[in-house]
Amino acid sequence: MDGSNQPNPLAGDFLTVLKQRRLISDIPSNPGSRSEFVETTVTTILSFKYAGGVLVAGDRRATEGNVVMYDRAEKVLEIDHHSVMAIAGSPSTAWEMARILEHSFQFYRRSQLQEMSVEGKVRALSKLLRDNLGMVMQGVGVVVPLFATYDKKSSDAAKVFFYDAMGAKFEATDFASSGSGALAVRSVLYYENNWGSKPLRERNREESILLALKALDTAAEADTATGGVDRHGKIFPIIKMVTGAGVETVADDKLSELFQTQVA
Amino acid sequence: MIDEPYRWVEAISNRREYIENELATGSPTIGLSFSEGILLLTFGRDRRKIFEIYDRIAIGGIGHPGDIERLRIMAIELASTEGFTRSAADVSLRRMANYSFSPALKQAFEQIYGPPYLARILFAEIGGSQEEDLFVRLDYDGSTHANSMSAGKRREIFGAIAGTRRGLEQAEGFLRRAKISNLRSALETAVRAWGVALYTSDVFSGV
């Protein structure tokens, strides 16, 4: 019960509680020499606004240098009922960040008896990235995430944010991508948004899912670190839709059907 | 003066009397376990009295708002740090009540130069099945009572706190006889039990 004796200087901040209780280790802030070990990385995530809200998608591949380490990695993570974080970079750091965020938002809501504002949530991720700078300087644990959320209070409810490795936050107008296949995905989304059948924001759910599958397939075509769709193993990307009703994960059956009929 | 055993007992006894008086007018909280979940009910004029602690744990309280708030934050911090460092499945009301809250409240109560907690708390934890639903009543002196933590004793489907011992006993007697089938009957039972727990209390019995 140690934490309760000292008032929390920032009421409702879970990270402060964890630090007071020494439950998370401090990251060394002095950049040491870069070690030789090859860390696991995960790649290629995208997010764009469509008619119903925001779509967030990611392939399933985790690599360790040239080696495919895992083909069922989950890079699109539900943080709360209206927020999704997608990760590119080091999964060990990223999953821990996601875990801290998830608990932080819940902790804030439970202790302060109100939901954290979207601005506050977006800022919380910035701070975690900033705290991770010591690792980044040593060349490991780099995370470059996307954060998508649905802010019912805003006139433009669907929100997509992307970050750099130091925690700078940028709000995307229509779409964002990150990871090694990001450039290919970005080109596809830019092209489709400007010269495609219609702008991304006017596309319906199915058209949006289809576009996400195509964009990830394009990235996988040139980038070995992007998994794309494994037709034999029936491994599909993870696609989540963030709408006013909450977060919904698109079922593999649906992805399989769309892929077979319109992508493959 | 406090070094003398008799003085200490007297001081504790005075302290108990003072706290009981402070709690006597509190609005009871009634907890009922039924097929659809757990219902926690109280009435309050000016502030919220039932709170979420973690995925499966909630509390209701009687006492000083400041002390209830301290205990509430303590519970949220304990549950959240446990859930974060281990997993949500490791967060357990039984452990939290017995190993963290009970000793802390007992210590605050018996160190008579420090302030005690002016609070009586009802914890509710929803289990995997109705059989595993747990209610724990935690008093200002650290004593606990659960609807069932021990084998052999018949499990009760309710938990309650009231301002007075008599109010609590009346409510428990009423709840033992209650038949609950759905949310509606649970709600009706809880409202009645609340009234029983409040208006038979010693404070109002003369009115």
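Labels below follow one simple rule: chain letters A, B, ... track the order of the sequence lines, proteins then strands, and each chain is numbered from 1.
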Output field: ring centroids Phe14(A)/Phe84(B) closer than 6.0 Å:
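Ring-ring flag for Phe14(A)/Phe84(B): true, centres closer than 6.0 Å.
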Determine the minimum heavy-atom distance between Arg99(A) and Arg86(B), stating which atoms define it.
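Closest pair (atom of Arg99(A), atom of Arg86(B), distance): NH2-O, 2.9 Å.
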Using a 6.0 Å cut-off, check whether atom [atom1] of [X] has over 12 heavy atoms from anything other than its own residue.
| X | atom1 | result |
| --- | --- | --- |
| Tyr99(B) | OH | no |
| Tyr6(B) | OH | no |
| Glu17(B) | CD | no |

Most chain B-contacting option - heavy-atom pairs closer than 4.5 Å, from Leu18(A), Leu113(A), Leu23(A), Ile24(A):
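Answer, by heavy-atom pair count under 4.5 Å with chain B: Leu113(A).
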Checking Arg110(A) against Phe51(B): charged group under 6.0 Å from the ring centre and within 45 degrees of the axis?
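No, Arg110(A) and Phe51(B) do not form such a contact.
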So how far is it from Ile76(B) CD1 to Tyr108(A) OH, rounded to the nearest 0.5 Å?
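Rounded to the nearest 0.5 Å, the CD1-OH separation comes out at 13.0 Å.
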